[in-house]
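Written below as structure tokens is the structure these notes are about.
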Amino acid sequence: MDNKQKPVLTELLSTSRQLAETASAGDWEAVATLRVRHEELVRTFFSHINGAPLSAHVMSELAQVRVYTDMVLELAKRRRASLVEAGQVLQSRQRATTAYAETASP
């Protein structure tokens with residue numbers, strides 16, 4: 001890894017941490033914005049590796065990026081499940097309201 005890649009890796013790690021913190025706070029709009037930057041940094045970092053071996057330090061930092069990414073994915077799965085459940089409750093309530101309205105009408 002050359003000296004130009006060190007700032008990219010540092011920013012990638014920082015952005016990954018911000019993503020995890022933002023997802024933990026439930027600010028999914030900010031997560032979407034940060035995700036775009038995160039993807040740019042990943043592409044930039046790996047496009048300049050050119051097959052060069054990575055040091056143990058770099059591998060350690062990339063492993064931490066993965067940990068943060070896994071945290072965000074798990075939080076997103078939980079949020080999605082919560083939204084699906086809320087949608088199902090809403091549909092059930094709408095069906096009950098419709099049924100009541102149909103039986104209450106003369």
Side-chain angles (χ1 to χ4, degrees):
M1 181 174 79
D2 61 22
N3 287 336
K4 289 188 260 180
Q5 289 306 101
K6 287 181 185 179
V8 174
L9 182 57
T10 300
E11 187 177 353
L12 176 58
L13 186 57
S14 174
T15 302
S16 298
R17 183 177 23 257
Q18 287 176 327
L19 265 169
E21 291 169 355
T22 304
S24 292
D27 187 353
W28 294 102
E29 288 183 31
V31 167
T33 302
L34 284 168
R35 187 175 162 265
V36 171
R37 180 63 182 145
H38 186 264
E39 289 176 3
E40 291 171 358
L41 291 167
V42 169
R43 272 194 304 276
T44 299
F45 179 79
F46 284 104
S47 70
H48 293 96
I49 295 297
N50 297 326
L54 300 176
S55 69
H57 174 74
V58 170
M59 292 299 290
S60 174
E61 289 196 348
L62 288 174
Q64 187 60 47
V65 167
R66 176 67 189 262
V67 168
Y68 288 134
T69 300
D70 289 346
M71 288 172 58
V72 173
L73 289 173
E74 182 59 33
L75 289 165
K77 285 178 189 177
R78 289 181 193 168
R79 178 65 177 157
R80 182 174 187 257
S82 172
L83 291 173
V84 166
E85 183 179 329
Q88 290 170 342
V89 168
L90 180 60
Q91 285 177 343
S92 175
R93 289 180 180 167
Q94 286 175 332
R95 283 190 299 270
T97 301
T98 300
Y100 177 77
E102 288 173 357
T103 60
S105 298

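Computed from a predicted model, the values in this text were never measured in an experiment. Residues take their numbers from the sequence shown, with the count starting at 1.
Atom CG of L9 is separated from atom NE2 of H57 by 6.5 Å, given to the nearest 0.5 angstrom. Rounding to the nearest 0.5 Å places CD of E29 at 7.5 Å from OG1 of T33. Summarising the geometry, atom CG belonging to L34 is positioned 10.0 Å from atom CD belonging to E21; distances are rounded to the nearest 0.5 Å.
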Let me check something: any side-chain donor-acceptor pairs from residues 79-93 under 3.5 Å, sequence neighbours excluded? List them with distances.
none

Distance-only check: which donor-acceptor pairs under 3.5 Å involve side-chain atoms of residues 63-73, not counting sequence neighbours?
unit_1, atom_1, unit_2, atom_2, d
R66, NE, D70, OD1, 3.1
R66, NE, D70, OD2, 3.4
Y68, OH, R17, NH1, 3.4
T69, OG1, V65, O, 2.9

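Other residues sharing the hydrophobic cluster of V36, ordered by chain and number and joined by side-chain separations under 4.5 Å: none, the residue standing alone.
Note on residues 35-44: pairs passing side chain to side chain donor-acceptor pair (under 3.5 Å), not counting sequence neighbours, are E11-R37, S16-H38, R35-E39, R37-E40.
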Legend entry - side-chain contact (heavy atoms from CB on, under 4.5 Å) between L62 and V58, worked out: CA-CA 6 Å; L62 288 174; V58 170; 4.0 Å; yes
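Considering only residues two or more places apart in sequence or on other chains, A25 meets the side-chain contact (heavy atoms from CB on, under 4.5 Å) condition with none of them.
The closest donor-acceptor contact from the side chain of S24 to the backbone of A20 lies under 3.5 Å.
In the hydrophobic clustering of ILVMFWY residues, with side-chain heavy atoms under 4.5 Å counting as a link, F46 and L19 come out apart.
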